[in-house]
Asks: 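Sharing a structure below in structure tokens format, with a few things to ask.
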Amino acid sequence: MGLTNYPSTYSLIAQDNRAGLIGVITQSKYLAIGSLIHFFNEKVGLVVVQGKPEEKIATGIFNAYQCGYSPREAIRKVEELDQFSDYRQIAFLPISEKGSIFTGEKLKEVKVGVVRPSCISIGNFLKNKDVIYSIIEEFETNIRIDKFSNTLLNSLKMGLKQGGEKRGQQSAAIKIWKKQDQGYSKIMDLRVDDSEYAIEDLEELIKKYYLYMTPGNLKDSIENNGETHDLIERILTNASAKYADLGEKMTLKNLYRIENLESRWVSDTFIDREAFNFLKSKFL
């Protein structure tokens, strides 16, 4: 009979009601944790099931909450019928309401959870309790200062700085939903599934997300002349060699399309600074 391995994990679940955002960020010494523990219902909120993750636990909590149970009561109703409750750690953050948590008795120490009006952090098999407390403090201090995604990331990094999980890193994930006219839409879903530097790699993915998804800005663009023009010509020459099999003339517009930078296009005479820096780093 094989050994049982329940994923040791720590997470931050949070929302910014003024911006209509709700999201979660997680790190674990477990393969592809982002595929296992996050469950969202646009009419209810966000549930994270750590330790022994199963979707039916989140579904039960959503159903109980919709039947009129409070967040704490919804978790308790599911936990009372759950034969594996000792091995689970649960966080439930309803939309626009303070959430609740549950931590099973048989999860590995240090295990802790903190609930605040707009955020929850839970973790198990941690170096110390400060991992979770520092995550909460970082989020509450900076939620109105930085982008929601960056605040989630920097909060998780603060937890890592305090020791993180005892076994180190293997995977990390961030997911964010935004309220739209017809409900919530997922606007970010990024994962690092297997890396000793999962949080650092996730940070690079978030930077790439904003590179590709943010429109170009004329105010933060560089005029395509002089030294800049010479550098662009070198970029196009090197790109032409790299993508020779495509069989098309390498213009700046074509290179933008190849590199998925269409949203960054400004004009023929100005180049977006972020796109320019990316192209320099890749081709020069």
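Atom set for the values below is all heavy atoms of this structure, side chains included, hydrogens, waters and symmetry mates excluded. Position 1 is the first residue of the sequence, and the numbers go up from there.
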Asks: Taking NZ, NE, NH1 and NH2 as the nitrogens, is one of them in E262 or R257 under 4.0 Å from a carboxylate oxygen of the other?
Replies: no
Asks: Before we go on, tell me: are the rings of Y65 and F92 under 6.0 Å apart, centre to centre?
Replies: yes
Asks: Has the side chain of N142 got a donor or acceptor atom that lies under 3.5 Å from a matching backbone atom of E138?
Replies: yes
Asks: Would you check if there is a donor-acceptor pair between the side chains of S195 and D201 at a distance under 3.5 Å?
Replies: yes
Asks: So, does S155 use its side chain to make a donor-acceptor pair with the main chain of F139 at under 3.5 Å?
Replies: yes
Asks: Are I206 and V24 in one and the same hydrophobic cluster, where Ile, Leu, Val, Met, Phe, Trp and Tyr link if side-chain heavy atoms are under 4.5 Å apart?
Replies: no
Asks: If you define the side chain from C-beta out and look only at heavy atoms, does anything of I271 sit under 4.5 Å from L252?
Replies: yes
Asks: What class does the angle between the rings of F283 and Y243 fall in, given that below 30° is parallel, 30 to 60° is tilted and above 60° is perpendicular?
Replies: perpendicular
Asks: Could you tell me whether R72 atom CZ has more than 12 heavy atoms of other residues or ligands within 6.0 Å of it?
Replies: no
Asks: Would you indicate whether K166, at its atom NZ, is surrounded by more than 12 heavy atoms from other residues, nucleotides or ligands within a distance under 6.0 Å?
Replies: yes
Asks: Considering all heavy atoms of both residues, which atom of L261 and which atom of A275 are nearest to each other, and what is their separation?
Replies: CD1-CB, 4.4 Å
Asks: Between M213 and S263, which heavy-atom pair has the shortest distance, and what is it?
Replies: C-OG, 4.2 Å
Asks: Decide salt bridge (charged side-chain N to carboxylate O under 4.0 Å, His left out) for E140 and R116; before the verdict, give the C-alpha distance in whole Å, the side-chain angles of both, and the deciding distance to 0.1 Å.
Replies: CA-CA 9 Å; E140 292 187 321; R116 293 286 191 265; 3.7 Å; yes
Asks: When rounded to the nearest 0.5 angstrom, what is the spacing between CD1 in I176 and CG in L152?
Replies: 5.5 Å
Asks: Do Y184 and F40 have their ring centres less than 6.0 Å from each other?
Replies: yes
Asks: Is the side chain of K175 donor-acceptor paired with the backbone N or O of G34 at a distance under 3.5 Å, no angle test?
Replies: yes
Asks: Can you check side-chain contact (heavy atoms from CB on, under 4.5 Å) on I22 and K179, steps first, answer last?
Replies: CA-CA 8 Å; I22 186 169; K179 188 175 183 180; over 6 Å; no
Asks: Could you tell me if Q27 and Y10 have a donor-acceptor pair between their side chains, going purely by distance under 3.5 Å?
Replies: yes
Asks: Nearest 0.5 Å please: distance from the NZ atom of K157 over to the CG atom of L160.
Replies: 9.0 Å
Asks: Less than 4.5 Å apart, any side-chain heavy atom of K29 and any of Q169?
Replies: no
Asks: Distance to the ring centre below 6.0 angstrom and angle to the axis at most 45 degrees; does that hold for K52 and Y87?
Replies: no
Asks: Around atom CD of E109, are there more than 12 heavy atoms from other residues, nucleotides or ligands closer than 6.0 Å?
Replies: yes
Asks: Count the heavy atoms belonging to other residues, nucleotides or ligands that lie under 6.0 Å from CZ of R18, then report whether that count exceeds 12.
Replies: no
Asks: Do L279 and L231 have side chains that get closer than 4.5 Å, going by heavy atoms?
Replies: no
Asks: Side chains of E165 and S8: donor-acceptor distance under 3.5 Å anywhere?
Replies: yes
Asks: Does D146 offer a backbone N or O that forms a donor-acceptor pair with the side chain of N150 under 3.5 Å?
Replies: no
Asks: Taking side chain as C-beta onward, heavy atoms only, is T251 less than 4.5 Å from L236?
Replies: no
Asks: Go through the steps for K161 and S134 under the test side-chain contact (heavy atoms from CB on, under 4.5 Å), then give the verdict.
Replies: CA-CA 9 Å; K161 185 177 180 180; S134 66; over 6 Å; no
Asks: Side chains of F276 and F270: closer than 4.5 Å at any heavy-atom pair?
Replies: no
Asks: Which one of I132, I25, V112 satisfies the side chain to side chain contact (heavy atoms under 4.5 Å, CB included) criterion with S121?
Replies: I132
Asks: In this structure, would Y212 and V266 fall into the same cluster of hydrophobic residues linked by side-chain contacts under 4.5 Å?
Replies: no
Asks: Is the CD atom of E42 crowded by more than 12 outside heavy atoms at less than 6.0 Å?
Replies: yes
Asks: Just checking, is any N or O donor in the side chain of Q162 or N128 under 3.5 Å from an acceptor N or O on the other one?
Replies: no
Asks: Does the side-chain hydrogen bond (donor to acceptor under 3.5 Å, both in side chains) test come out yes or no for Q170 and S28, once each step is laid out?
Replies: CA-CA 6 Å; Q170 186 171 4; S28 177; over 6 Å; no
Asks: Is there a side-chain contact between K282 and E259 in this structure, where contact means two heavy atoms from C-beta onward sitting under 4.5 Å apart?
Replies: yes
Asks: For the pair N254 (side chain) and K249 (backbone), establish whether a donor and an acceptor sit closer than 3.5 Å, ignoring hydrogens and angles.
Replies: yes
Asks: Y209 and S149: side-chain donor and acceptor closer than 3.5 Å?
Replies: no
Asks: Do V115 and V48 sit in the same hydrophobic cluster, where Ile, Leu, Val, Met, Phe, Trp and Tyr count as joined when their side-chain heavy atoms come under 4.5 Å apart?
Replies: yes
Asks: To the nearest 0.5 angstrom, please state how far the CD1 atom of I75 sits from the CZ atom of R88.
Replies: 12.5 Å
Asks: Is the cationic atom of K208 (NZ for Lys, CZ for Arg) positioned less than 6.0 Å from the six-membered ring centroid of F278 and within 45 degrees of its normal?
Replies: no
Asks: F39 and L21: same hydrophobic cluster, using ILVMFWY side-chain contacts below 4.5 Å?
Replies: no
Asks: What heavy-atom pair brings G99 and P94 nearest, and what distance separates the two atoms?
Replies: CA-CD, 3.6 Å
Asks: Keeping the roles fixed (side chain from K178, backbone from A19), state whether a donor-acceptor pair exists under 3.5 Å.
Replies: yes
Asks: Test your reading of the model: is there a side-chain donor-acceptor pair from T214 to the backbone of L211, 3.5 Å cut-off?
Replies: no
Asks: When rounded to the nearest 0.5 angstrom, what distance separates CD1 in I13 from CD1 in I120?
Replies: 5.5 Å
Asks: Supply the atom-to-atom distance T237 OG1 to L284 CG, rounded to the nearest 0.5 angstrom.
Replies: 10.0 Å
Asks: Verify the cluster assignment for V114 and M158: are they in a single hydrophobic cluster under the rule of side-chain heavy atoms below 4.5 Å apart?
Replies: no
Asks: Please indicate whether Y210 has more than 12 foreign heavy atoms, meaning atoms of other residues, nucleotides or ligands, lying under 6.0 Å from its OH.
Replies: yes
Asks: Can you see whether T103 engages Q89 through a side-chain donor-acceptor pair at a distance of less than 3.5 angstrom?
Replies: yes
Asks: Counting C-beta onward and ignoring hydrogens, is there a side-chain heavy-atom pair between I37 and T9 closer than 4.5 Å?
Replies: yes
Asks: Quick one: which of L36, I33, D194, I199 gives a side chain to side chain contact (heavy atoms under 4.5 Å, CB included) with S171?
Replies: I33
Asks: Can you tell me how far the CD1 atom of I90 sits from the CD1 atom of I101, to the nearest 0.5 Å?
Replies: 10.5 Å
Asks: Just checking E200: does its CD atom have more than 12 heavy atoms from other residues, nucleotides or ligands closer to it than 6.0 angstrom?
Replies: yes
Asks: Do any N or O atoms from the side chain of K43 and from the backbone of F62 form a donor-acceptor pair under 3.5 angstrom?
Replies: no
Asks: Quick one: are K253 and D268 in side-chain contact, heavy atoms under 4.5 Å?
Replies: yes
Asks: Working note: E73 + R76, criterion salt bridge (charged side-chain N to carboxylate O under 4.0 Å, His left out); need CA distance, chi angles, decisive distance, verdict.
Replies: CA-CA 5 Å; E73 291 168 342; R76 184 178 297 155; over 6 Å; no
